[in-house]
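All heavy atoms count here, side chains included; hydrogens, waters and symmetry mates do not. FYI, the numbering just counts along the sequence from 1. No experiment lies behind these values; they were computed from the predicted model shown.
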Amino acid sequence: MTTPTAIAGYLALFVAFGFIFLFVNLVVGKFLRPKAPNAEKLEIYECGEPTIGSSFVQFDIRFYVVALLFIIFDVEVAFFFPWASVFGKATNLKAESLQVVNEVSSAGGAETVLTPAVAGLFRELGVPASAVPQGSELGAAASDMTPAEATTAAVHASADTLARLALIDIFVFFAVLMVGFAYVWRRGDLDWVRAVTAERAETSPTRTPPSMTIEREAALSV
């Protein structure tokens, strides 16, 4: 069984290996790559177009706002992967084609134990061995079943409940995500230039356009 100390050791080993790999590649590249510095390589390149004016200009703050919003909603998609893992394992557990238990003969008679595949799925879901569904949990419904059938039915019922809860959970998460997206959209945070949006809002159909006669008379008087 993997302990927290072992997990921390694996992570430290992974970080150390990544750092050493990156450092070695940079050092080797420094000595092996060709060097041909010239003024043309120092020029700003953007889509093959020559730059106009200084490149040290301040970006519009809208660029950072839209970029941050994109990162926020893009990172949220990562939370779909744990849900998909739980939902997939629960769906596999309730599959009728999956053999849930094996009968093992012992001194006291035949016993039913979970198959390695089912035990592994429960372990990956974080369910301890003491919390694995048993046939006795079905109560009176298990009176007409064999121990193997009762345990199988209990596992299927537990997996079906877990799959339903996972489905409800992802729907709630997705709904909250869409509400947040609609909120920032309604606020105008996704509009690239808010000045144009404000100008469009001021220009409404009920607004009376200026008279062409008045404009023409003003132009003639000048």
Side-chain angles (χ1 to χ4, degrees), residues 1-4 6-8 10-15 18 47 59-101 114-135 137-139 141 150-205:
M1 181 177 180
T2 305
T3 62
I7 294 175
Y10 292 148
L11 291 176
L13 181 62
F14 178 80
V15 172
C47 301
F59 281 100
D60 191 337
I61 190 64
R62 304 299 307 152
F63 174 83
Y64 299 101
V65 173
V66 174
L68 285 173
L69 290 174
F70 172 78
I71 291 175
I72 290 172
F73 287 100
D74 188 56
V75 170
E76 296 295 334
V77 178
F79 290 101
F80 282 74
F81 289 97
W83 165 83
S85 178
V86 172
F87 182 77
K89 289 180 175 61
T91 304
N92 290 336
L93 278 174
K94 71 175 186 177
E96 296 293 337
S97 58
L98 179 66
Q99 183 177 357
V100 176
V101 296
L114 296 178
T115 60
V118 174
L121 287 174
F122 276 116
R123 185 167 55 253
E124 292 173 5
L125 287 171
V127 179
S130 58
V132 173
Q134 303 294 330
E137 298 177 2
L138 299 178
T151 303
T152 301
V155 169
H156 285 172
S158 177
D160 184 68
T161 302
L162 181 60
R164 292 175 185 271
L165 290 176
L167 199 60
I168 295 173
D169 179 75
I170 197 60
F171 279 150
V172 172
F173 174 79
F174 191 74
V176 173
L177 192 63
M178 289 298 99
V179 169
F181 185 78
Y183 174 73
V184 297
W185 184 289
R186 183 69 179 83
R187 274 173 46 92
D189 291 333
L190 299 180
D191 295 333
W192 186 251
V193 182
R194 298 189 98 176
V196 175
T197 306
E199 182 180 347
R200 290 177 180 174
E202 293 177 359
T203 307
S204 59

For the atom pair [atom1] ([X]) and [atom2] ([Y]), what is the distance rounded to the nearest 0.5 Å?
X: Phe80; Y: Leu177; atom1: CZ; atom2: CG; answer: 6.5 Å
X: Ile170; Y: Leu165; atom1: CD1; atom2: CG; answer: 13.0 Å
X: Leu125; Y: Leu162; atom1: CG; atom2: CG; answer: 6.0 Å
X: Thr91; Y: Asp160; atom1: OG1; atom2: CG; answer: 9.0 Å

(message) So does Ala154 get a backbone contact from the side chain of Ser158, meaning a donor-acceptor N/O pair under 3.5 Å?
(response) no
Closest approach of [X] to [Y] (non-hydrogen atoms, all atoms of both residues):
X: Lys94; Y: His156; result: CA-CD2, 3.8 Å
X: Leu167; Y: Trp83; result: N-NE1, 3.9 Å
X: Gln99; Y: Val118; result: O-CG2, 3.6 Å
X: Asn92; Y: Leu98; result: O-CD2, 3.3 Å

(message) With a sphere of 6.0 Å drawn around CZ of Phe70, does it hold more than 12 non-hydrogen atoms of other residues, nucleotides or ligands?
(response) no
(request) Answer yes or no: does atom CZ of Phe174 have more than 12 heavy-atom neighbours from other residues, nucleotides or ligands under 6.0 Å? (result) no
(request) Find out whether Val100 and Leu114 are in side-chain contact, i.e. whether some heavy atom of one side chain is under 4.5 Å from a heavy atom of the other. (result) yes
(request) Starting from the C-alpha separation in whole Å, work towards a yes-or-no answer on side-chain contact (heavy atoms from CB on, under 4.5 Å) for Arg186 and Tyr183. (result) CA-CA 5 Å; Arg186 183 69 179 83; Tyr183 174 73; 5.9 Å; no
